[in-house]
Amino acid sequence: MGPLSLTLSVVVPIYNEEAVLPLLVERLRPVLDELREPYEVVAVDDGSSDGSAAVLIGLARLWPELRIVRLRRNSGHQAALSAGLFRSRGEYVASIDADLQDPPEKIPEMLRLARTENLDIVYGVRTDRSTDNRFKRWTAGAYYDLIRRLVGKNVPRHAGDFRLLSRSTVEALRELPERAPVLRLMVPWIGFPSGQVTYTRAERAAGQTKYPLRKMLLLAVDSVTSFSAAPLRLATWLGVGGVGLCALLLVMTMVVYLSGHTVPGWSSLFVATLFIGAVQLLCLGLLGEYVGRVYTAVQNRPPYFIASDSAALAAEDDGLVRNAGR
Ligand code: UDP
Ligand code: MG
């Protein structure tokens, strides 16, 4: 079997999703079977600590196209997605969350669009987020506005990680120096011909969100610092403002000195010290954010470790020992 004999790979990152997995298979499988083309589903188990691993093995027994890639520990949504993407073998690669918030029925539509219009990227775009709560909608809106400013207008608003990529796009992503790129930024940045398929986002089918506020904030900070040095410029502007303020205060001091009221200066001194201290800390923090990124990039540590891949195991069984590493 040649590597491109599969026309479609569907990558599903999974972290503690034992409750939704059977529902996912129930909806995804008929859709893919109906295509009547060779496909694989790459389920990336992102170090789940619940019964997901066992449930997956049970499901794969009944569904030969289900391939299980297990990561050794929880590495995060983006890393799990990259792991699945870089191991997939299909001519086209779709990615979809496990929780059925994105409709699997749209995948054939994406594939059709990509083929007829010869597109490399098809985004799934949410037209209606009324099932997300107001806070999620508001933070998501702010996030997309921000990244459209950073990356450019070809970032579709409200396109999450439900999308279809061509093999050449996946290979281009693999060429990037980032080990685990923020995919929803890097895909538009690559800027290959793209189209959209719209859908309404549903409620999570079962289980709890795996994206608490902390992870959302981390994604946002990562998105900004990986695309822009503008926050560092903030430090420069604060410095310029501080110098201006100091000049003003100097004039004031002279006036006060010359008019002989030098003693009552405590509050202004106190405020100035606090202000300058705060600005310095802020700028140090900003610098630290980028130094940290440089440090991580230099370390070049793998963002995830593969524990097992059922496709590699199957190949070994056939006597075809394939190189399982990247
Ligand atoms: N996920 C993952 N690793 C993590 C967190 C989440 O692989 O550390 C997966 C999760 O199983 C789901 C997808 O990423 O398939 C999106 O997570 P979730 O639906 O919880 O995010 P939300 O839709 O609430 O933003
Ligand atoms: Mg979800």
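When a ligand or atom number is given, it counts from 1 through the structure's own listing order.
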By number and element, which atoms of ligand 1 are closer than 4.0 Å to a non-hydrogen atom of [X]?
X: Lys215; value: 4 (C), 5 (C), 8 (O)
X: Asp97; value: 13 (C), 15 (O), 16 (C)
X: Lys210; value: 5 (C), 6 (C), 18 (P), 20 (O)
X: Glu17; value: 10 (C), 11 (O), 12 (C), 15 (O)
X: Ala98; value: 15 (O)
X: Thr209; value: 20 (O), 21 (O), 22 (P), 24 (O)
X: Lys136; value: 22 (P), 24 (O), 25 (O)
X: Asn74; value: 3 (N), 4 (C), 8 (O)

| request: In sequence, state the C-alpha distance, the side-chain angles, and the governing distance for Val122 and Gln196, and then conclude on side-chain contact (heavy atoms from CB on, under 4.5 Å). | output: CA-CA 5 Å; Val122 180; Gln196 302 186 350; 5.9 Å; no
| Worked verdict on Asp161 versus His77 for side-chain contact (heavy atoms from CB on, under 4.5 Å) | CA-CA 10 Å; Asp161 286 299; His77 182 205; 3.5 Å; yes
Would you call [X]-[Y] a salt bridge at under 4.0 Å N-O?
X: Arg29; Y: Glu34; result: no
X: Asp99; Y: Lys210; result: no
X: Arg167; Y: Glu171; result: yes
X: Arg115; Y: Glu37; result: yes
X: Lys106; Y: Glu109; result: yes

Could you find the nearest protein heavy atom to [atom] and give me its residue, atom name and distance?
atom: atom 19 (O) of ligand 1; value: Asp99 OD2, 2.5 Å
atom: atom 18 (P) of ligand 1; value: Arg204 NH2, 3.4 Å
atom: atom 14 (O) of ligand 1; value: His77 CD2, 3.1 Å
atom: atom 1 (N) of ligand 1; value: Tyr15 CB, 3.7 Å
atom: atom 21 (O) of ligand 1; value: Tyr211 CD1, 3.3 Å
atom: atom 9 (C) of ligand 1; value: Pro13 O, 3.8 Å

| said: Assigning hydrophobic clusters by single linkage (Ile, Leu, Val, Met, Phe, Trp, Tyr; side-chain heavy-atom cutoff under 4.5 Å), is Met186 placed with Tyr144? | reply: yes
| said: Can you tell me which portion of Arg201 lies within the under-4.0 Å heavy-atom range of ligand 1? Options are side chain, backbone, both, or neither. | reply: side chain
| query | Ring centres of Tyr123 and Phe162 under 6.0 Å apart? | reply | no
| request: Compute whether any side-chain donor of one residue and acceptor of the other, for Ser9 and Glu40, lie under 3.5 angstrom apart. | output: yes
| message | Would Gln101 count as being in polar contact with ligand 1, using the rule that some N or O on each side must be under 3.5 angstrom apart? | response | yes
| Of the choices Asp45, Val44, Leu24, Asp46, which has the non-hydrogen atom that lies closest to atom 4 (C) of ligand 1? | Asp46
| query | Does Gln78 come within less than 4.0 Å of ligand 1, judged by its heavy atoms? | reply | no
| query | OE1 (Gln101) to the Mg ion (ligand 2) to OD2 (Asp99): angle, nearest 10 degrees? | reply | 100°
| request: Take Arg204 and Gln101 through the test side-chain hydrogen bond (donor to acceptor under 3.5 Å, both in side chains) and record every step on the way to the result. | output: CA-CA 5 Å; Arg204 197 173 227 290; Gln101 285 195 282; 5.0 Å; no
